[in-house]
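To start, the structure itself, in structure tokens.
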Amino acid sequence: MLPSIIAIDGPAASGKSTIGALLAEKLGYVYFDTGVMYRVVTCVALQRDISIADERAVTQLAEQTKIDFLPPAINDGRQFTILADGRDITWDIRSRAVDGNVSPVSAYAGVRRAMSAQQRRIGLQGRVVMVGRDIGTVVLPEADLKIYLDATEHERAQRRFLERVARGEQVEFDAVLRDIKRRDEIDSSRSVAPLKQADDAIYLDSTGVDISHVLERVMDIIEERASRPFHNLQSEIINLK
Ligand code: DC
């Protein structure tokens with residue numbers, strides 16, 4: 001039997017969303033990128049001039065903002081259309097300002113409570129690939145397959161840098177690398193649901209490996225697991241090179 005709930009966790013720009021979306025498409029599953037939810041709260045807070053340091057106000061915003069994921073309405077490279085209270089903010093949530101403020105927002109316990117509850121409800125419906133930082137550890141510890149996708153800081157910064165250049169933004173590589181390091185530090189050291197590999201997750205390092213190869217390897221793992229369903233509870237490190 002194929003795993004029904006698949007969790008992919010890992011640091012910023014490790015390739016989780018690309019792999020997650022391709023995998024979901026291949027399996028005919030729902031793809032759910034949980035980072036989007038934290039980005040929406042951060043984006044709306046910035047747009048409304050709510051101080052990111054004001055935990056109460058930001059938490060209230062997380063509890064009240066209606067977030068919708070829709071199929072991509074416009075053909076501009078988006079994976080889906082994202083609405084906050086009915087407003088399309090698909091690209092706004094990818095801005096440098098959001099990148100720079102999303103980690104502190106996602107460290108607030110009340111924000112996480114509001115977001116995790118919704119994520120868990122969606123995940124438990126099954127046939128889902130859910131991508132984030134704490135899916136295998138906190139949101140869906142019962143996931144049938146957990147992948148922890150990693151890559152070196154330098155490689156991840158390079159990927160983010162190229163994405164931004166492709167979008168026509170003026171950016172410097174060193175600034176992107178600094179942002180990535182700062183986010184990793186906050187995401188891994190926060191007290192609530194820090195970024196961490198689950199004990200039973202498979203570790204994949206995608207440094208220097210192209211996406212199609214990573215996807216192939218994940219499909220191999222899924223097929224192998226489907227043929228021996230009870231071999232499941234140990235962490236494994238898979239070398240992709
Ligand atoms: O994956 P991303 O870069 O879009 O995530 C944005 C931020 O949201 C990231 O800095 C950490 C946070 N996040 C989280 O804390 N838990 C998740 N499940 C997903 C993302």
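For ligands, and for the atoms within them, numbers begin at 1 and follow the listed sequence.
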*Could you tell me which non-hydrogen atom of K146 sits nearest to which non-hydrogen atom of P141, and how far apart they are?*
NZ-O, 2.8 Å

_Contacts of type salt bridge (Lys or Arg N to Asp or Glu O under 4.0 Å), residue D76, not counting sequence neighbours_ = R78

*With no hydrogens and no angle check, do the side chains of T42 and N101 hold a donor and an acceptor under 3.5 Å apart?*
no

*Is there a path of hydrophobic side-chain contacts, each under 4.5 Å between heavy atoms of I, L, V, M, F, W or Y residues, that connects L70 with M37?*
no

*Would you tell me whether S206 and R159 have side-chain atoms, one donor and one acceptor, within less than 3.5 Å of each other?*
yes

_With a 4.0 Å cut-off on N to O distance, would you call E216 and K26 a salt bridge?_
no

Output block, N or O contacts of ligand 1, threshold 3.5 Å exclusive:
unit_1, atom_1, unit_2, atom_2, d
ligand 1, 1 (O), R133, NH1, 2.9
ligand 1, 1 (O), R133, NH2, 3.4
ligand 1, 3 (O), R39, NH2, 3.0
ligand 1, 3 (O), R133, NH2, 3.3
ligand 1, 3 (O), R183, NH2, 2.4
ligand 1, 4 (O), R39, NE, 2.7
ligand 1, 4 (O), R39, NH2, 3.4
ligand 1, 10 (O), S103, OG, 3.1
ligand 1, 10 (O), R183, NE, 3.3
ligand 1, 10 (O), R183, NH2, 3.3
ligand 1, 10 (O), D187, OD1, 3.3
ligand 1, 10 (O), D187, OD2, 2.9
ligand 1, 15 (O), R112, NH1, 2.7
ligand 1, 15 (O), R112, NH2, 3.3
ligand 1, 15 (O), R190, NH1, 2.7
ligand 1, 15 (O), R190, NH2, 3.0
ligand 1, 16 (N), R112, NH2, 3.0
ligand 1, 18 (N), T34, OG1, 3.0
ligand 1, 18 (N), R133, N, 3.2
ligand 1, 18 (N), D134, OD1, 2.8

